[in-house]
Amino acid sequence: MSVPEESHLVQERRQKVERLRTRGIEPYPWSFPDRVPTSSVVERCRPLTPGATASGPDARVAGRLHTIRQHGKSAFLDLEDQSGALQLFLRVDEVGEPAYSEWLSDLDPGDLVGAEGSPMVTRRGEPSLLVRQLTLLAKAIAPPPEKFHGLKDAELRLRRRYLDLLSTPETRARFRARSLFVREIRHFFDEHDFLEVETPILGGVASGAAAQPFVTHSGYLDEDLQLRISLELPLKRLLVGGMERVYELGRIFRNEDLDVTHLPEFSMLEAYWAYTDYTDMRRLMEAMYLRLARRIAELLPGVPAAAEAPALFQPPFAVVDFVEALEEKSGLHGILDRSREQLRDLARAAGTTIPDASPTGKFLDKLFEHYVESTLTRPTFVVDHPVATTPLAKRHRSKPNRVERFELYCRGIELANAYSELNDPDDQVRRFGDQLAAKGTEFYAMDRDFIEALQYGMPPASGVGFGIDRAFMALTGIPTIKETVLFPPVRSRP
RNA sequence: GGGCCCAUAGCUCAGCCCGGUAGAGCAGGCGGCUCUUAACCGCAAGAUCAGGGGUUCGAAUCCCCUUGGGCCCGCCA
């Protein structure tokens, strides 16, 4: 990968910039007022017959030049803006010399230009703008990727996402869809009277999940700080404080390896709902995912997985018991009565290499992941996990050694993790303690300030969390998480 | 962390197996063309074959190392 700085292509474009300046033309002007989207010009062209020109006022459009087709004394230029594309039709009859020749000799694909003229339809039926005035809005010194094949190089696509965006309509559509998908999630919680809040990213000991944190240092406090690995514990403090429905949608950080479903920073939503339990939350998640599925089908109608989503996410979703599902798929029995060592050996037999010192629940999670997870292709609630897997959930009201928890899976991806939230401060201390007893490297860290908060009384509540990126993957069928974020992590330039 | 694969012009790709002067298309330059849309026709130009080392009379091609990327496995969602 070489920087195009020295190539003759760049030098030729720099010379064009100089030529423009000597003619008194500013290659980087300040604005282009009164422009309309190209889509509105295409709309004005719709009633016109081939060869006809619209009556009414001239239109002003602006965008990036994609291709230039010259035919001697006329030329066609494809202009792209966020709304779509429009062909500019340039004729020497219309604009005169020397403007015609000067414009064409100074412009290159990739330049940002503004154009003013009449909407028209060519004899071949292409909606166009018959140009009267053309204005350079920003000269592109570096040449854009190839016009037909676009940018294919995987490394360049990730390192220079702007090139991927400007050359690949599918990429633009995908990230527009992601943005509106996140907006839809916010709308859903807002409409259900949840308050969006922001809690600290930097803190003392990261807790609320089991993962390696990123560590940094505060010069002011002269203390090591950790970046959050979960949103859970601050939000529950807000339940104690009387906020009855809260959610946070934010970035969390886990210092682990990355692969097609893991990024070191990713977007997570957690919501907490006072005076409800995990059954209420199940209904809420069914409603949310049906709505998101419908939205994603509108946004990406050409993507098969998105188009199929509304039918797939019809409530009620299937429900399976964690223990029954695991025992059925694995052929094992008496899972709840096995010792930690027995479960570790079973997990080893299933091929996992998590450390021996991991908490008991990790082995159960691994066994479930190995035997059951990939079989869950339709939306399915897995419910009532063994206590050991889940230190922040309330014990099940009737099933011994279980918690009131569900995970929602679809297309092999986890789409929600929810509990009836544990609000007994003494049980919470014991459950953190069980985690610490394993003395492993990954566990739910004890958060004494949180225990103290629980002692003042947290209302019974349900809570849910899910990864935004993975939810987007599951609804759209995008296979790699890097393609769901605009700027995925890359190594520094060699 | 382990294994496999990839890196050639600004971009998209041939050439590599079987070593013998580095090719095409697009983009760019010059010339032609007033309805094209991957426009077309002609001419000329454009390369540290990712970087380094080795084998060889001779390496883009074979071998080793490094860097970056992709895929699979292991671990965190």
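Below, each value reflects all heavy atoms present in this structure, side chains not excepted, and no hydrogens, waters or symmetry copies. First the proteins, then the strands, lettered A, B, ... as listed; each starts at 1. Note that the coordinates shown come from a computational prediction; the quantities given were computed from them, not determined experimentally.
- A residue-by-residue look at A:L263 and A:E126 shows that A:E126 has its nearest nucleotide of RNA chain B further toward the 5' end.
- A:T261 comes within 4.0 angstrom of a base, heavy atoms only.
- By the 30° and 60° cut-offs, the orientation of the rings of A:F450 relative to A:F432 is perpendicular.
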Tabulate protein N/O versus nucleotide N/O from nucleotides 69-74 of chain B, keeping only pairs under 3.5 Å, one per line.
{"residue": "B:G69", "atom": "OP1", "partner": "A:R491", "partner atom": "N", "Å": "3.3"}
{"residue": "B:G69", "atom": "OP2", "partner": "A:R491", "partner atom": "NE", "Å": "2.9"}
{"residue": "B:G70", "atom": "OP1", "partner": "A:K482", "partner atom": "NZ", "Å": "3.0"}
{"residue": "B:G74", "atom": "O3'", "partner": "A:T353", "partner atom": "N", "Å": "3.4"}
{"residue": "B:G74", "atom": "O3'", "partner": "A:T353", "partner atom": "OG1", "Å": "3.1"}
{"residue": "B:G74", "atom": "O2'", "partner": "A:T353", "partner atom": "OG1", "Å": "2.1"}
{"residue": "B:G74", "atom": "N1", "partner": "A:D257", "partner atom": "OD2", "Å": "3.4"}
{"residue": "B:G74", "atom": "N2", "partner": "A:D257", "partner atom": "OD2", "Å": "3.0"}

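- Separating the P atom of B:C16 from that of B:U21 is a span of 13 Å, rounded to the nearest Å.
- Remark: of the listed residues A:D321, A:T389, A:T390, A:D321 is the sole one forming a side-chain hydrogen bond (donor to acceptor under 3.5 Å, both in side chains) with A:R402.
- Nucleotides B:C5 and B:A9 are separated by 23 Å at their P atoms, to the nearest Å.
- When side chains are defined from C-beta on, A:R172 counts as touching A:E80, because their heavy atoms get closer than 4.5 Å.
- In this entry the distance linking CZ of A:R13 with C1' of B:G10 reads 9 Å, nearest Å.
- Salt bridge annotation for A:K152-A:E146: absent, with no cationic side-chain nitrogen under 4.0 angstrom from a carboxylate oxygen.
- To the nearest angstrom, C1' of B:G29 lies 14 Å from CD1 of A:I68.
- Using a 4.0 Å heavy-atom cutoff across all strands shown, A:F89 reaches at least one base atom of the nucleic acid.
- Side chain of A:H71, nearest nucleotide from B:C11, B:G10, B:U34: B:U34.
- Atom name P, nucleotides B:C40 and B:C26: the rounded distance is 6 Å, in whole Å.
- Within the 4.5 Å cutoff, side-chain heavy atoms of A:M473 are placed close to those of A:T261.
- If you take NZ of A:K73 and C1' of B:G32, they are 10 Å apart, rounded to a whole angstrom.
- Using bins of under 30°, 30° to 60° and over 60° for the plane-to-plane angle, the ring pair A:F194/A:Y247 lands in the perpendicular bin.
- Applying the 4.0 Å criterion to OP1 and OP2 of B:G29, one finds that A:K16 has a side-chain N or O inside that range.
- To the nearest whole angstrom, the two C1' atoms, one in B:C57 and one in B:A50, are 28 Å apart.
- Pair assignment for B:U37: none, as no Watson-Crick or G-U wobble contacts are both less than 3.5 Å.
- B:G54 sits 15 Å from B:G58 when the C1' atoms are compared, rounded to a whole Å.
- Separating the CG atom of A:L88 from the C1' atom of B:U37 is a distance of 12 Å, rounded to the nearest angstrom.
- The separation of B:G52 from B:U61, taken at their P atoms, amounts to 12 Å, rounded to a whole angstrom.
- One cannot find a donor-acceptor pair under 3.5 Å joining the base of B:U12 and the side-chain atoms of A:D153.
- Across all strands shown, B:U55 forms no Watson-Crick or G-U wobble pair with both distances under 3.5 Å.
- Contact annotation for A:G150: backbone-only contact, meaning every heavy-atom pair under 4.0 Å involves sugar-phosphate atoms and none involves a base.
- Among the heavy atoms of the strands lying under 4.0 Å from A:L151 are primed sugar atoms or P, OP1, OP2 only; no base atom is included.
- Atom pair A:L107:CG and B:G29:P shows a separation of 11 Å (rounding to whole Å applied).
- Using C1' as the reference atom, B:A24 and B:G46 are 14 Å apart when rounded to the nearest Å.
- For the pair A:Q70 CD and B:A27 C1', the computed distance is 13 Å after rounding to whole Å.
- Side-chain proximity of A:L156 to B:U34, B:C11, B:U37: nearest is B:C11.
- Between A:S74 and A:E369, the residue anchored closer to the 5' end of RNA chain B is A:S74, taking for each the nucleotide with the nearest heavy atom.
- B:G42 and B:C30 make up a base pair, with Watson-Crick or G-U wobble contacts both under 3.5 Å.
- At most 12 heavy atoms of other shown residues, nucleotides or ligands fall within 6.0 angstrom of atom CD in A:E198.
- In the displayed structure, A:K329 atom NZ is contacted under 6.0 Å by at most 12 heavy atoms of other residues, nucleotides or ligands.
- Checked against the 6.0 Å centroid threshold, A:F89 and A:F76 count as a close aromatic pair.
- To the nearest angstrom, P of B:C11 lies 15 Å from CZ of A:R157.
- Look at CG on A:D164: it is 14 Å from P on B:C11, rounded to the nearest Å.
- Nearest to the side-chain atoms of A:R69 among the listed nucleotides B:C35, B:G25, B:U37 stands B:U37.
- The same atom, C1', is picked in B:U55 and in B:C64; the two are 11 Å apart, to the nearest Å.
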